[in-house]
Amino acid sequence: MPDPLPAPATATAAEPLPPGSLPPPPPGRSLPAARSSRKSGRLARAARYAAAAAVVGAVAWLAVRQLLPGRHIDEVLAATATVGDLEIVVADKGELESSESVQVMCEVEGGGKITTILPEGTVVKRGDVVARLDTDALQKAINEQEVKWEQAEGKVKAAISELEVQRNKAEGEIAKAELAHVLADIDRESFLEAEYKGELDKKKAALELAKKELKEAEDNLEFTRGMVKKGFAQLEQIRIVELTHEQKKYAVQQGNADLLLFTKYTKRRKTTELEAKAKDAIRDLDRTKKSQAAATEKAASEVTAARKTADLEKRQFERIRDQLGKCEVKAPAAGIVIYFKRPWDESARIRPGGQVFFQQPIFTLPDLSQMKVKMKVHETVVKKVKAGLGCTMKIDALPGQVLHGKVVSVATLAQGDDWRGGGVKEYETTISIDDMPTEAGLRPGMSAEVKILVKTVPGALTVPVQAVTETGGRHVCYIATGDKVEQREVAVGDGNDQLIQVVTGLAAGDRVALDARNRAAAELSTGSGSAPAPTAALGSPAPK
């Protein structure tokens with residue numbers, strides 16, 4: 001897209017300038033327009049001081065010139081109002097970037113110190129080592145972690161042995177309890193079914209025997225008494241037989257008492273005792289099973305915990321060992337190495353001996369076959385810039401060649417002119433390059449002059465921006481007619497950094513002075529006009 005230049009201005013012989021004054025801006029050069037600016041505060045202040053000095057000098061000079069006799073219209077530097085298509089553009093400098101790039105970050109946890117790196121701009125292939133980090137601290141950590149892992153494995157083996165011992169102990173304790181339960185049942189059953197009957201029969205037999213012996217003793221006593229009566233036995237023999245009879249009688253009484261005690265009390269007591277022992281054996285067996293199961297489960301959980309701890313220590317060991325391989329930072333793809341940098345932080349520069357941190361970008365590998373332009377648009381004109389607008393650009397590395405593209409995106413948030421903020425607000429804008437020549441050899445960071453075509457105003461009446469100024473809240477031009485120059489109020493429309501549209505107040509062919517601002521200032525100093533307003537935004541549309 002050709003640059004929108006004004007029609008050549010017709011001018012007579014230029015007037016000589018008084019010493020110390022500044023000349024008016026020549027045709028084709030624009031006054032400050034609403035465009036992107038990245039000037040620092042110091043440069044801005046210097047520009048304001050210079051402009052103020054120029055205005056003061058020009059006012060003084062024009063005031064003198066207005067009083068000089070014999071001044072002719074041919075001496076006025078003027079241009080002609082012309083009709084044509086007015087292209088509204090937003091122009092500024094930008095830098096080339098890769099549209100597709102791979103960013104490589106530090107993957108070593110805790111970061112590390114750089115020992116060696118390739119020079120910036122080196123062309124690398126996939127898998128080439130770009131940088132190496134110091135491994136001493138990492139190797140020490142690997143050795144310490146390996147010891148922890150081995151200790152954890154030893155605890156696993158000890159826990160497994162304890163589990164086996166506990167399982168054997170549980171089997172033995174449960175077997176003892178089961179045996180006690182069985183024996184208690186046998187004791188109860190044997191007493192009820194065998195021991196009790198045997199003892200009962202024995203006592204009954206003893207009682208029967210005692211009764212028979214008592215019967216014999218009674219018979220013998222009676223016989224002895226008869227013999228004594230007949231005189232065949234002595235009286236002393238009766239006493240002996242009576243004593244024997246008493247003994248046998250007592251034995252029968254004792255047998256009856258023993259049998260009653262055994263059948264009525266001993267049986268119940270023994271049965272109750274044996275049944276209680278059997279029940280206690282059941283309870284003891286249940287307690288033993290539960291306690292041994294709990295002990296076994298505890299031993300098993302200790303094995304599980306020890307194994308998990310060992311697995312964690314192993315994974316930690318493998319993770320740290322894998323970090324050792326990441327100390328060699330390799331290129332994931334082919335490209336040219338561009339190191340990460342922070343302009344405001346020299347300590348963050350990627351260099352041998354420098355420190356990098358985990359997840360810190362180290363370098364990028366831009367794809368040089370796909371490039372784009374990043375530019376910053378001033379806040380006063382950013383509302384005009386939309387995605388999809390056509391652009392032209394001239395790249396310093398390709399002199400005389402005009403490339404074309406489109407606006408891809410406009411940032412939502414503004415950026416300040418420095419890290420402290422509070423300066424000029426600009427919005428980062430991305431421009432595509434649609435017709436980049438192959439093998440152009442373009443590199444990231446190259447400069448490009450970008451012009452964004454906002455719109456085209458067909459059949460616009462335009463004059464150079466130097467021909468219009470604002471005074472007393474009105475836009476005015478100075479028309480050169482005949483042998484005089486007169487002020488005329490105009491209404492302006494759109495404009496760019498060179499031309500401005502005049503909606504009313506002028507006609508095609510009118511000749512306008514290119515020192516409108518100086519003339520307004522001179523009128524103000526002589527009291528014949530209103531104060532001129534700042535003209536920093538002459539290229540913008542007139543207020544509605």
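In what follows, every heavy atom counts, from backbone to side chain, and hydrogens, waters and symmetry copies are set aside.
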Using modelled atom types and a 3.5 Å cut-off, is there a donor and acceptor pairing between side-chain atoms of [X] and backbone atoms of [Y]?
X	Y	value
Arg351	Arg349	yes
Arg126	Pro332	yes
Thr429	Tyr427	yes
Asp85	Gly459	yes
Arg488	Gly505	yes
Thr115	Arg132	yes
Glu313	Ala310	no
Asn496	Leu499	yes
Ser99	Met371	yes
Ser101	Ser98	no

In the structure I gave you, are the side-chain heavy atoms of [X] and [Y] within less than 4.5 Å of one another anywhere?
X	Y	value
Val463	Leu506	yes
Glu449	Lys93	yes
Ile142	Leu324	yes
Ile479	Val485	no
Thr456	Ile88	no
Thr462	Val502	no
Val490	Thr504	no
Asp92	Lys376	no

Self-check item: side-chain contact (heavy atoms from CB on, under 4.5 Å) assessment of Ile431 paired with Ile452
Solution: CA-CA 9 Å; Ile431 310 297; Ile452 303 173; 4.2 Å; yes

Going by the rule side chain to side chain contact (heavy atoms under 4.5 Å, CB included), which residues pair with [X] if we only count those two or more places apart in sequence or in a different chain?
X	result
Gln316	Gln145, Arg319, Ile320
Lys386	Leu389
Arg315	Asp311, Leu312
Gln323	Val108, Glu109, Leu138, Lys326

Nearest 0.5 Å, please: how far is [atom2] in [Y] from [atom1] in [X]?
X	Y	atom1	atom2	value
Leu118	Phe363	CG	CZ	8.5 Å
Asp396	Leu96	CG	CG	9.0 Å
Lys140	Thr135	NZ	OG1	14.0 Å
Leu86	Leu461	CG	CG	10.5 Å
Cys477	Asp510	SG	CG	9.0 Å
Thr471	Glu523	OG1	CD	7.5 Å

Quiz prompt | No-hydrogen, no-angle side-chain donor-acceptor test under 3.5 Å, Glu120 and Tyr339 | solution =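 Glu120 vs Tyr339: no donor-acceptor pair found between side chains.
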
Practice problem: Please assess Cys391 against Leu403 for the test side-chain contact (heavy atoms from CB on, under 4.5 Å), listing each intermediate value before the final yes or no. | Solution: CA-CA 8 Å; Cys391 308; Leu403 302 181; over 6 Å; no

Quiz prompt | Electrostatic pair Glu97:Lys374 at N-O distance under 4.0 angstrom | solution =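 Yes, Glu97 and Lys374 are salt-bridged.
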
Quiz item: In terms of side-chain geometry, is the basic nitrogen of Lys384 or Asp494 positioned less than 4.0 Å from the acidic oxygen of its partner?
Solution: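 No, this pair does not count.
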
Under the side-chain hydrogen bond (donor to acceptor under 3.5 Å, both in side chains) test, which residues partner [X], sequence neighbours left out?
X	value
Lys383	none
Asp136	none
Glu107	none

How far apart are the closest heavy atoms of [X] and [Y], and which atoms are they?
X	Y	result
Met393	Gly405	CE-N, 3.9 Å
Ile336	Gly121	CG1-O, 3.3 Å
Gln355	Gly111	NE2-C, 4.2 Å
Leu365	Ala333	CD1-O, 3.2 Å
Gln103	Pro361	NE2-CB, 3.7 Å
Met446	Ala397	SD-CB, 3.6 Å

Quiz item: Are Val129 and Val329 close enough, and set up right, to give a side-chain contact (heavy atoms from CB on, under 4.5 Å), and what steps lead you there?
Solution: CA-CA 6 Å; Val129 177; Val329 185; over 6 Å; no

Sequence-distant partners of [X], salt bridge (Lys or Arg N to Asp or Glu O under 4.0 Å), two or more places apart:
X	result
Glu302	none
Lys148	none
Asp434	Lys406
Asp134	none

Practice problem: Could you check Arg517, Glu486, Arg519 and say which one makes a side-chain contact (heavy atoms from CB on, under 4.5 Å) with Tyr478? | Solution: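 Testing each of Arg517, Glu486, Arg519 against Tyr478, the sole residue satisfying side-chain contact (heavy atoms from CB on, under 4.5 Å) is Arg519.
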
Quiz prompt | Val377 and Val410: CA distance, side-chain angles, deciding distance, side-chain contact (heavy atoms from CB on, under 4.5 Å) verdict | solution = CA-CA 9 Å; Val377 177; Val410 182; 5.9 Å; no

Quiz item: How would you list all residue pairs meeting ring pair (Phe, Tyr, Trp, His ring centres under 6.0 Å) that involve residues 307-333, not counting sequence neighbours?
Solution: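 Residue pairs with at least one partner in residues 307-333: Trp149-Phe317.
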
